[in-house]
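Reading through the structure tokens given below for one structure.
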Protein chains: 2
Amino acid sequence: MEEEIINFIQEYQDINGTYIHTYDSPPTPVEFLRNCVHPNRPAVIKNAISHWPALKRWSDDYFREKMGESVVTVATTPNGYADAVTYDPNTDREYFVLPHEESMPFNDFLDIIQGKRNTPHAHYISLQNDSLHTEFSALKDDIDEEISWCSEALGKKPDAVNFWMGNDKSITSLHKDPYENCYAVIRGEKTFVLIPPSEYYCLHESTFPTAIYSPSMDLTPLDPPTETPWIPVDPLHPDLERFPRFKYARPIVVKVKAGEMLYLPALWFHQVLQHGDEGVIAINAWYDMDYRNTLYPSMSFVRGLVHRCL
Amino acid sequence: MEEEIINFIQEYQDINGTYIHTYDSPPTPVEFLRNCVHPNRPAVIKNAISHWPALKRWSDDYFREKMGESVVTVATTPNGYADAVTYDPNTDREYFVLPHEESMPFNDFLDIIQGKRNTPHAHYISLQNDSLHTEFSALKDDIDEEISWCSEALGKKPDAVNFWMGNDKSITSLHKDPYENCYAVIRGEKTFVLIPPSEYYCLHESTFPTAIYSPSMDLTPLDPPTETPWIPVDPLHPDLERFPRFKYARPIVVKVKAGEMLYLPALWFHQVLQHGDEGVIAINAWYDMDYRNTLYPSMSFVRGLVHRCL
């Protein structure tokens, strides 16, 4: 049966290769549905957000003025890996580790990012759950309320719009979301490592005890103990001895620059890295995926086979 | 592993049920992509062909005048089943049986359909391969060249437009096509029995020796012998002792009346019956399916598992 799974992965690869289309301007709703959403293929879209005031306005001075005193939630880790599988030398075990969530005035976060406050840790504004309209609502008029051609294509409004700000230290480990994702970089650059849903088998997902970083960055197992299924493999530096199935994966590495948008299709696995001296800023809009076609049950099926039959 | 396949089938059913949407007028290209093509769900579309001259013009008199002398290809079988698994009492074996293809003036075919010429056999104009533009090109101005909203949605022209004419005797056995299919009934009524791609396991597809009807309707094995994979189960009268997996299938029965169109999504299994005293006429447009998303490799995968691992 393993051979059949590998055939499936390779048939998808044979049809699609690792090509990612770049649009020089936003696609029409029909083009977006036809060539991105329906094929479930990523794309880079240039000039989709050129008209957003955020691109000009969002300086650190502007942030300090607009909401410097506002308290924001910051994910803090010793190594930049929040929501990631992490080896704990003290217990000689691997945990799925949640970040320490700190509340601080936005000014303090900016001090950290600007290097005015020394910290050995990684700090990342990555709250999600529509953070633009909760903690960052003072900034909401600086961007469009929705991605118009995406909303028109999908026939719905975004489920959540999130504000992200961090630096090179922070890395989002490989995972997937059940959302169509329009991800716009406002400042700096992000690198996305993308892996199609069909390559689930390659990723050695397994279940880890869950821990959380304490304020002093000690790794503390949750009480009561909780298990979390997560992907342990680093797609850019895979340990092929531990994760031999990863040899069948064909990761796609996409760099998204300030002013560009990535369409990240539902259920695609993605790792995200960021680059930039000043703090990398991004906005993403999540749209609920359509569960009606065969993609979702197919992927549950493959997952079930991998875990119960191999 | 069988349990996983059944879970997959049932997860798809839990999400989708057996609902088929009926549009009172053609969807826009965006609606069609969003709610039909992308979810890979059938729909009935009313008033999509009301403006086709064919609806008024296509009488038998008109056919006789326009192309009565033209030679057309007619699929002839003793029982109405062309391209179907058929039991041969002489050899006590089942064959996949091709029809006898007769060439005759269209007038002769009309005589048969009108009962002016007695025949115990079933005769069906079902040539496919763009028959409207080959044998029936005299009629092509009576319908639109393409289904405009479908062509605009898919960004392509139809790959083939076919003319179908037959009567209650002819039944198209369960099969699938790698095409998005817009199927318009011009006269009479057609019943489609639809089964989603996810239910492949239920259909007991297997391989049969191929035979063809001779002009005298004898069943003649092909020489050299040829094997054809085909579905032996009749979805309206399933023999559950022989085909126990069919109990997991949830066939959807859709009646399409004159003037209505069925959107039959790529890779859906369909059986087609027809009803009408005067000869049932239909036109269908096939559009190449998009192979890029996970549907096609997923279905190959399920097929491989069913045949090599069960």
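Under the 4.5 Å side-chain criterion, counting only non-hydrogen atoms from C-beta, A:Y291 is not in contact with B:N16. Put simply, the side chain of B:F8 reaches to within 4.5 Å of the side chain of A:S298, judged on heavy atoms. Proximity of B:E11 to A:Y296: side-chain heavy atoms (C-beta onward) are separated by under 4.5 Å at one or more points. In this structure the side chain of A:V30 reaches within 4.5 angstrom of the side chain of B:L33, judged on heavy atoms.
Heavy atoms closer than 4.5 Å to chain A are found in both the backbone and the side chain of B:I5. Heavy atoms of B:L295 lying under 4.5 Å from chain A belong exclusively to its side chain. Neither the backbone nor the side chain of B:Q10 comes within less than 4.5 Å of any heavy atom in chain A. With a 4.5 Å cut-off on non-hydrogen atoms, A:R34 touches chain B through its backbone and its side chain both.
Other residues, nucleotides and ligands contribute only 12 or fewer heavy atoms inside 6.0 Å of the CD atom of B:E145. By the neighbour-count criterion of 12 heavy atoms within 6.0 Å, atom NZ of A:K46 is sparsely surrounded, having that number or fewer from other residues, nucleotides or ligands. Crowding of B:N129 atom CG: a count of heavy atoms from other residues, nucleotides or ligands under 6.0 Å not exceeding 12. More than 12 non-hydrogen atoms from other residues, nucleotides or ligands lie less than 6.0 angstrom from CG of B:D239.
Ranked by heavy-atom pairs shorter than 4.5 Å toward chain B, the options A:T28, A:D14, A:V37, A:I9 are led by A:V37. Of the listed residues (A:G155, A:P265, A:P196), the greatest number of heavy-atom pairs within a distance under 4.5 Å of chain B belongs to A:G155.
The nearest pair of heavy atoms linking A:M1 to B:L305 is CG-CD2, 3.3 Å.
A salt bridge (charged side-chain N to carboxylate O under 4.0 Å, His left out) with B:R308 is found for one member of A:E3, A:E2, A:E4 and no other, namely A:E4.
Panel note: side chain A:N40, backbone B:N293; no donor-acceptor pair is recorded below 3.5 Å.
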Assess whether side chain to side chain donor-acceptor pair (under 3.5 Å) is satisfied between B:N35 and A:R292, documenting all intermediate values. CA-CA 9 Å; B:N35 288 321; A:R292 291 175 293 177; 3.0 Å; yes

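Separating the CG atom in A:L154 from the NE2 atom in B:H38 is a distance of 8.0 Å, to the nearest 0.5 Å.
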